[in-house]
Visitor: 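Just dropping this structure here.
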Amino acid sequence: MAFKTDDIIFLLGAGASKEADIPISTDMIDNVNDLIKDDWRQYANLYYLVKSAIQYADGIQGKKDDNFNIERLFNVLNELIKKEEHPLYPFIGSWNIRLNEIIGDQNFHKIKEFQEKILAELQIWIDLNEVRKASYFKKLENFRREYTPFRIFTLNYDLCIEKVFQNKDEFIVQRGFNSERKWDYKLFSEYEESSEPDIYLYKLHGSIDWERNEETGEIKDSDGTVKKPNLIFGTSYKLQYVDPFLFLFSEFRYYLLRSKLIIVIGYGFGDEHINGLLKQSLKQDKNRKILYTSRSCDSDYLIEKLNCNRNQVIIEKCYAKEFLEKKLKITELAKHFPEMEE
(Lines give C-alpha, C1' and ligand atoms only; values in the text may rest on other atoms or scores of the structure.)
Protein backbone atom coordinates (compact mmCIF):
# COMPACT_ATOMS: atom_id res chain seq x y z
CA MET A 1 0.00 0.00 0.00
CA ALA A 2 1.32 3.45 -0.94
CA PHE A 3 -0.25 5.16 2.08
CA LYS A 4 0.33 4.41 5.73
CA THR A 5 -1.92 5.13 8.70
CA ASP A 6 -2.71 8.87 9.02
CA ASP A 7 -1.12 9.70 5.67
CA ILE A 8 -4.62 10.66 4.51
CA ILE A 9 -7.01 12.87 6.48
CA PHE A 10 -10.30 14.55 5.56
CA LEU A 11 -11.68 18.02 6.14
CA LEU A 12 -15.41 18.49 5.49
CA GLY A 13 -17.29 21.75 5.09
CA ALA A 14 -20.96 22.53 4.59
CA GLY A 15 -20.83 21.62 0.91
CA ALA A 16 -20.16 17.99 1.83
CA SER A 17 -23.72 17.70 3.19
CA LYS A 18 -25.49 19.90 0.64
CA GLU A 19 -26.50 16.94 -1.54
CA ALA A 20 -28.17 15.44 1.54
CA ASP A 21 -30.42 18.53 1.54
CA ILE A 22 -28.58 20.19 4.41
CA PRO A 23 -28.47 23.89 3.47
CA ILE A 24 -25.19 25.77 3.27
CA SER A 25 -24.78 29.24 4.78
CA THR A 26 -26.08 31.15 1.76
CA ASP A 27 -29.12 28.85 1.54
CA MET A 28 -29.87 29.66 5.17
CA ILE A 29 -29.84 33.38 4.37
CA ASP A 30 -32.37 32.68 1.61
CA ASN A 31 -34.53 30.99 4.25
CA VAL A 32 -34.22 34.02 6.53
CA ASN A 33 -35.24 36.29 3.64
CA ASP A 34 -38.41 34.22 3.21
CA LEU A 35 -39.19 34.19 6.94
CA ILE A 36 -38.68 37.96 7.21
CA LYS A 37 -41.48 38.45 4.69
CA ASP A 38 -43.85 36.25 6.69
CA ASP A 39 -43.49 34.87 10.24
CA TRP A 40 -40.57 37.13 11.21
CA ARG A 41 -41.94 40.44 9.92
CA GLN A 42 -41.36 42.09 13.30
CA TYR A 43 -37.59 41.65 12.78
CA ALA A 44 -37.54 42.84 9.16
CA ASN A 45 -36.24 46.36 9.83
CA LEU A 46 -33.54 45.06 12.15
CA TYR A 47 -32.49 42.44 9.60
CA TYR A 48 -32.28 44.87 6.70
CA LEU A 49 -30.32 47.37 8.79
CA VAL A 50 -27.73 44.77 9.84
CA LYS A 51 -27.50 43.36 6.31
CA SER A 52 -26.97 46.78 4.72
CA ALA A 53 -24.37 47.70 7.38
CA ILE A 54 -22.36 44.53 6.67
CA GLN A 55 -22.49 45.13 2.91
CA TYR A 56 -21.57 48.81 3.38
CA ALA A 57 -18.54 47.83 5.48
CA ASP A 58 -17.47 45.38 2.78
CA GLY A 59 -17.80 48.08 0.16
CA ILE A 60 -15.56 50.45 2.12
CA GLN A 61 -12.90 47.74 2.19
CA GLY A 62 -13.21 47.18 -1.56
CA LYS A 63 -14.66 43.70 -1.22
CA LYS A 64 -16.68 42.91 -4.33
CA ASP A 65 -17.87 39.42 -3.45
CA ASP A 66 -21.16 38.94 -1.66
CA ASN A 67 -19.88 37.73 1.70
CA PHE A 68 -23.17 38.13 3.56
CA ASN A 69 -24.17 34.80 5.10
CA ILE A 70 -25.92 33.38 8.14
CA GLU A 71 -22.80 33.30 10.32
CA ARG A 72 -21.90 36.93 9.62
CA LEU A 73 -25.47 37.95 10.45
CA PHE A 74 -25.40 35.97 13.69
CA ASN A 75 -21.95 37.33 14.56
CA VAL A 76 -23.06 40.97 14.23
CA LEU A 77 -26.13 40.28 16.35
CA ASN A 78 -23.80 38.76 18.96
CA GLU A 79 -21.67 41.89 19.05
CA LEU A 80 -24.69 44.22 19.24
CA ILE A 81 -26.15 42.33 22.19
CA LYS A 82 -23.03 43.05 24.24
CA LYS A 83 -23.75 46.78 24.09
CA GLU A 84 -22.04 48.39 27.11
CA GLU A 85 -20.03 45.22 27.73
CA HIS A 86 -18.36 45.45 24.31
CA PRO A 87 -14.68 46.48 24.63
CA LEU A 88 -15.17 49.15 21.94
CA TYR A 89 -18.18 50.71 23.68
CA PRO A 90 -16.18 53.54 25.37
CA PHE A 91 -14.93 54.61 21.93
CA ILE A 92 -18.37 54.79 20.31
CA GLY A 93 -19.97 58.23 20.48
CA SER A 94 -23.49 56.92 19.92
CA TRP A 95 -25.30 53.96 18.45
CA ASN A 96 -26.71 54.16 14.95
CA ILE A 97 -29.80 56.38 15.09
CA ARG A 98 -31.78 53.97 12.93
CA LEU A 99 -30.88 51.09 15.26
CA ASN A 100 -32.25 53.00 18.25
CA GLU A 101 -35.46 53.67 16.34
CA ILE A 102 -35.88 49.99 15.48
CA ILE A 103 -35.26 48.47 18.91
CA GLY A 104 -37.09 51.27 20.73
CA ASP A 105 -37.27 50.91 24.49
CA GLN A 106 -36.61 47.16 24.43
CA ASN A 107 -32.96 47.72 25.38
CA PHE A 108 -31.61 45.32 22.78
CA HIS A 109 -33.96 42.48 23.82
CA LYS A 110 -35.37 42.46 20.29
CA ILE A 111 -31.91 41.64 18.93
CA LYS A 112 -31.61 38.75 21.37
CA GLU A 113 -35.04 37.46 20.35
CA PHE A 114 -34.08 37.57 16.67
CA GLN A 115 -30.85 35.72 17.39
CA GLU A 116 -32.70 32.99 19.30
CA LYS A 117 -35.16 32.60 16.43
CA ILE A 118 -32.29 32.00 14.02
CA LEU A 119 -30.63 29.45 16.32
CA ALA A 120 -33.88 27.52 16.76
CA GLU A 121 -34.43 27.49 13.00
CA LEU A 122 -30.83 26.38 12.42
CA GLN A 123 -31.51 23.11 14.22
CA ILE A 124 -34.46 22.45 11.93
CA TRP A 125 -32.49 23.28 8.79
CA ILE A 126 -29.63 20.91 9.52
CA ASP A 127 -31.70 18.03 10.86
CA LEU A 128 -31.34 15.08 8.46
CA ASN A 129 -34.93 13.98 7.90
CA GLU A 130 -34.23 11.27 5.32
CA VAL A 131 -31.08 9.22 5.93
CA ARG A 132 -31.17 7.86 2.38
CA LYS A 133 -30.30 11.32 1.07
CA ALA A 134 -26.95 11.06 2.86
CA SER A 135 -26.31 7.50 1.70
CA TYR A 136 -23.31 8.58 -0.37
CA PHE A 137 -21.37 8.84 2.91
CA LYS A 138 -21.63 5.04 3.11
CA LYS A 139 -18.84 4.90 0.54
CA LEU A 140 -16.49 5.80 3.37
CA GLU A 141 -16.90 2.17 4.42
CA ASN A 142 -15.45 1.02 1.09
CA PHE A 143 -12.51 3.34 1.54
CA ARG A 144 -11.93 1.90 5.02
CA ARG A 145 -11.66 -1.58 3.49
CA GLU A 146 -8.95 -0.35 1.14
CA TYR A 147 -7.11 1.73 3.69
CA THR A 148 -6.75 1.82 7.49
CA PRO A 149 -8.88 3.53 10.14
CA PHE A 150 -8.84 7.21 9.17
CA ARG A 151 -9.68 10.61 10.58
CA ILE A 152 -12.37 13.01 9.43
CA PHE A 153 -12.35 16.59 10.69
CA THR A 154 -15.63 18.34 10.01
CA LEU A 155 -16.90 21.89 10.44
CA ASN A 156 -20.51 20.72 10.15
CA TYR A 157 -23.05 20.43 12.94
CA ASP A 158 -25.24 17.89 11.14
CA LEU A 159 -25.46 14.16 11.82
CA CYS A 160 -25.11 12.81 8.27
CA ILE A 161 -22.19 10.47 8.95
CA GLU A 162 -23.50 9.36 12.34
CA LYS A 163 -26.97 8.49 11.03
CA VAL A 164 -25.69 6.70 7.94
CA PHE A 165 -23.71 4.30 10.13
CA GLN A 166 -25.93 4.23 13.23
CA ASN A 167 -27.31 0.73 12.55
CA LYS A 168 -24.01 -0.84 11.51
CA ASP A 169 -22.59 -2.34 14.69
CA GLU A 170 -19.57 -3.71 12.85
CA PHE A 171 -18.60 -0.23 11.61
CA ILE A 172 -17.49 2.06 14.44
CA VAL A 173 -17.54 5.87 14.22
CA GLN A 174 -15.70 7.33 17.21
CA ARG A 175 -16.82 10.83 18.25
CA GLY A 176 -15.29 10.95 21.73
CA PHE A 177 -18.24 10.07 23.98
CA ASN A 178 -18.23 7.05 26.30
CA SER A 179 -21.00 4.59 27.19
CA GLU A 180 -22.41 7.13 29.66
CA ARG A 181 -22.52 9.70 26.82
CA LYS A 182 -19.86 11.84 28.50
CA TRP A 183 -17.00 13.46 26.61
CA ASP A 184 -13.73 11.50 26.96
CA TYR A 185 -10.80 12.57 24.80
CA LYS A 186 -8.94 9.32 25.53
CA LEU A 187 -11.31 7.47 23.20
CA PHE A 188 -9.41 8.93 20.24
CA SER A 189 -6.20 7.18 21.25
CA GLU A 190 -6.94 4.42 23.79
CA TYR A 191 -8.86 1.34 22.66
CA GLU A 192 -8.76 -2.42 22.62
CA GLU A 193 -7.09 -3.72 19.46
CA SER A 194 -10.17 -5.77 18.62
CA SER A 195 -12.45 -2.71 18.79
CA GLU A 196 -10.44 -0.04 17.02
CA PRO A 197 -12.78 2.52 15.39
CA ASP A 198 -13.13 2.61 11.62
CA ILE A 199 -13.53 6.39 11.51
CA TYR A 200 -12.42 8.99 14.00
CA LEU A 201 -14.89 11.87 13.60
CA TYR A 202 -13.77 15.24 14.97
CA LYS A 203 -16.59 17.80 15.00
CA LEU A 204 -14.50 20.95 15.26
CA HIS A 205 -17.42 23.36 15.65
CA GLY A 206 -19.69 21.15 17.74
CA SER A 207 -22.85 19.21 16.93
CA ILE A 208 -26.61 19.64 17.21
CA ASP A 209 -26.72 16.67 19.60
CA TRP A 210 -24.13 18.03 22.05
CA GLU A 211 -25.30 19.67 25.25
CA ARG A 212 -23.21 21.37 27.93
CA ASN A 213 -24.21 21.60 31.59
CA GLU A 214 -23.88 25.31 32.35
CA GLU A 215 -23.11 24.68 36.02
CA THR A 216 -20.53 21.90 35.75
CA GLY A 217 -19.29 22.58 32.21
CA GLU A 218 -19.70 18.86 31.46
CA ILE A 219 -20.64 18.02 27.88
CA LYS A 220 -22.70 15.04 26.72
CA ASP A 221 -24.20 13.81 23.48
CA SER A 222 -27.78 12.64 23.03
CA ASP A 223 -29.95 10.52 20.74
CA GLY A 224 -31.12 13.56 18.79
CA THR A 225 -31.09 17.34 18.73
CA VAL A 226 -31.10 19.20 22.03
CA LYS A 227 -32.72 22.46 23.11
CA LYS A 228 -29.47 24.40 23.36
CA PRO A 229 -26.75 22.62 21.36
CA ASN A 230 -23.10 23.32 22.09
CA LEU A 231 -21.91 24.94 18.87
CA ILE A 232 -19.30 27.41 17.71
CA PHE A 233 -21.65 29.46 15.56
CA GLY A 234 -21.80 33.10 14.63
CA THR A 235 -18.66 34.24 16.37
CA SER A 236 -15.40 35.55 15.03
CA TYR A 237 -13.60 33.70 17.82
CA LYS A 238 -13.74 30.23 16.33
CA LEU A 239 -10.90 28.81 18.43
CA GLN A 240 -12.52 28.10 21.79
CA TYR A 241 -10.25 27.53 24.78
CA VAL A 242 -12.47 24.90 26.39
CA ASP A 243 -12.82 21.19 25.72
CA PRO A 244 -13.79 19.46 23.61
CA PHE A 245 -12.98 22.27 21.16
CA LEU A 246 -9.44 22.90 22.34
CA PHE A 247 -8.62 19.19 22.12
CA LEU A 248 -10.24 18.82 18.70
CA PHE A 249 -8.29 21.70 17.17
CA SER A 250 -5.09 20.42 18.74
CA GLU A 251 -5.73 17.05 17.06
CA PHE A 252 -6.46 18.76 13.76
CA ARG A 253 -3.13 20.55 13.82
CA TYR A 254 -1.28 17.40 14.90
CA TYR A 255 -2.64 15.21 12.11
CA LEU A 256 -2.29 17.91 9.48
CA LEU A 257 1.42 17.91 10.22
CA ARG A 258 1.57 14.09 9.96
CA SER A 259 -0.40 13.75 6.74
CA LYS A 260 0.71 13.37 3.15
CA LEU A 261 -2.68 14.13 1.63
CA ILE A 262 -5.42 16.42 2.95
CA ILE A 263 -8.75 15.72 1.25
CA VAL A 264 -11.02 18.77 1.49
CA ILE A 265 -14.69 18.37 0.59
CA GLY A 266 -17.25 21.16 0.60
CA TYR A 267 -15.20 23.74 2.49
CA GLY A 268 -15.26 27.30 1.16
CA PHE A 269 -12.08 28.51 2.91
CA GLY A 270 -13.98 31.15 4.86
CA ASP A 271 -12.54 30.40 8.32
CA GLU A 272 -9.15 31.99 8.83
CA HIS A 273 -8.25 29.80 11.80
CA ILE A 274 -8.71 26.72 9.58
CA ASN A 275 -6.88 28.32 6.66
CA GLY A 276 -3.99 29.23 8.95
CA LEU A 277 -3.48 25.61 9.99
CA LEU A 278 -3.70 24.44 6.38
CA LYS A 279 -1.11 27.03 5.34
CA GLN A 280 1.20 25.95 8.13
CA SER A 281 1.02 22.28 7.19
CA LEU A 282 1.62 22.91 3.46
CA LYS A 283 4.48 25.28 4.17
CA GLN A 284 6.23 22.87 6.52
CA ASP A 285 6.31 20.01 4.01
CA LYS A 286 6.47 20.87 0.30
CA ASN A 287 5.60 17.26 -0.56
CA ARG A 288 2.32 17.46 1.33
CA LYS A 289 -0.69 17.92 -0.94
CA ILE A 290 -4.26 19.12 -0.67
CA LEU A 291 -7.01 17.58 -2.80
CA TYR A 292 -10.05 19.80 -3.16
CA THR A 293 -13.39 18.78 -4.67
CA SER A 294 -15.13 21.61 -6.50
CA ARG A 295 -17.04 22.17 -9.72
CA SER A 296 -15.82 25.74 -10.11
CA CYS A 297 -12.62 26.26 -8.12
CA ASP A 298 -9.26 26.35 -9.89
CA SER A 299 -5.70 25.84 -8.70
CA ASP A 300 -4.86 29.55 -8.79
CA TYR A 301 -7.52 30.31 -6.17
CA LEU A 302 -6.15 27.73 -3.73
CA ILE A 303 -2.52 28.68 -4.35
CA GLU A 304 -3.33 32.28 -3.47
CA LYS A 305 -5.61 31.38 -0.56
CA LEU A 306 -3.20 28.94 1.07
CA ASN A 307 0.08 30.45 -0.12
CA CYS A 308 1.33 27.09 -1.38
CA ASN A 309 3.05 25.70 -4.46
CA ARG A 310 1.20 24.60 -7.57
CA ASN A 311 2.41 21.01 -7.25
CA GLN A 312 0.74 20.82 -3.82
CA VAL A 313 -2.76 21.42 -5.19
CA ILE A 314 -5.05 18.79 -6.72
CA ILE A 315 -8.51 19.79 -7.96
CA GLU A 316 -11.26 17.22 -8.51
CA LYS A 317 -14.01 18.82 -10.61
CA CYS A 318 -16.97 17.28 -8.83
CA TYR A 319 -19.25 17.57 -5.82
CA ALA A 320 -19.08 15.48 -2.66
CA LYS A 321 -21.45 12.73 -3.79
CA GLU A 322 -19.62 11.99 -7.02
CA PHE A 323 -16.23 12.09 -5.34
CA LEU A 324 -17.20 9.70 -2.54
CA GLU A 325 -19.05 7.30 -4.82
CA LYS A 326 -16.65 7.20 -7.79
CA LYS A 327 -13.29 8.76 -7.06
CA LEU A 328 -12.39 7.96 -3.46
CA LYS A 329 -10.07 5.03 -4.14
CA ILE A 330 -6.55 4.37 -2.94
CA THR A 331 -5.36 3.61 -6.46
CA GLU A 332 -6.68 6.96 -7.72
CA LEU A 333 -5.16 8.91 -4.83
CA ALA A 334 -1.80 7.18 -5.23
CA LYS A 335 -1.49 8.53 -8.78
CA HIS A 336 -0.83 11.96 -7.33
CA PHE A 337 2.25 10.58 -5.55
CA PRO A 338 4.34 8.91 -8.31
CA GLU A 339 7.40 8.80 -6.07
CA MET A 340 5.47 6.53 -3.66
CA GLU A 341 4.45 4.18 -6.45
CA GLU A 342 8.08 3.85 -7.50
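Computed from a predicted model, the values in this text were never measured in an experiment. Quick note: residue numbers are just sequence positions, from 1.
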Visitor: Of the options K220, R175, R181, K163, which is the one that meets D209 in a salt bridge (charged side-chain N to carboxylate O under 4.0 Å, His left out)?
Guide: R175
Visitor: What residues join I60 in its hydrophobic cluster, counting side-chain heavy atom gaps under 4.5 Å, either direct or through other members?
Guide: Y56
Visitor: Identify whether the distance between the nearest side-chain nitrogen and carboxylate oxygen of R295 and E316 falls below 4.0 Å.
Guide: no
Visitor: Going by an N to O cut-off under 4.0 Å, is there a salt bridge joining D285 and K260?
Guide: no
Visitor: When you check the gap from the basic side-chain N to the acidic O, do R310 and D300 get nearer than 4.0 Å?
Guide: yes
Visitor: So which heavy atom on R288 is nearest to which on L256, and how close?
Guide: NE-O, 3.2 Å
Visitor: Checking ring pair (Phe, Tyr, Trp, His ring centres under 6.0 Å) between F10 and each of F137, F153, F150, F323, which is the one that passes?
Guide: F150
Visitor: Could you walk me through whether E211 and N230 pass the side chain to side chain donor-acceptor pair (under 3.5 Å) test, one step at a time?
Guide: CA-CA 5 Å; E211 191 168 27; N230 196 216; over 6 Å; no
Visitor: Identify the heavy atoms of N78 and F233 that sit nearest to each other, and give their distance.
Guide: ND2-O, 4.2 Å
Visitor: Rounded to the nearest 0.5 Å, what separation is found between the CD1 atom of I24 and the CG atom of D30?
Guide: 9.0 Å
Visitor: In terms of side-chain geometry, is the basic nitrogen of E146 or K329 positioned less than 4.0 Å from the acidic oxygen of its partner?
Guide: no
Visitor: Show the nearest heavy-atom pair for residues L306 and N275, with the distance to one decimal.
Guide: CD2-O, 4.2 Å
Visitor: I265 and side chain to side chain contact (heavy atoms under 4.5 Å, CB included): which partner among L324, L328, I152, L11?
Guide: L324
Visitor: What I want to find out is whether K321 reaches E325 closely enough, with some N-O distance under 4.0 Å, to be called a salt bridge.
Guide: yes
Visitor: Please report the interatomic distance CD1(I118) to CD(E113), rounded to the nearest 0.5 Å.
Guide: 12.5 Å
Visitor: Show your reasoning for whether side chain to side chain donor-acceptor pair (under 3.5 Å) applies to R145 and N142.
Guide: CA-CA 5 Å; R145 294 195 190 105; N142 294 345; 2.7 Å; yes
Visitor: Looking only at heavy atoms, what is the nearest atom pair of R151 and D6, with distance?
Guide: NE-OD1, 3.1 Å
Visitor: Between F188 and E251, what is the shortest heavy-atom contact and its length?
Guide: CB-OE1, 4.3 Å
Visitor: I'd like to know if E141 and K168 make a salt bridge, using a cut-off of under 4.0 Å between side-chain N and carboxylate O.
Guide: yes
Visitor: Testing the basics here: between A134 and V164, what is the closest heavy-atom pair and its distance to 0.1 Å?
Guide: O-CG2, 3.2 Å
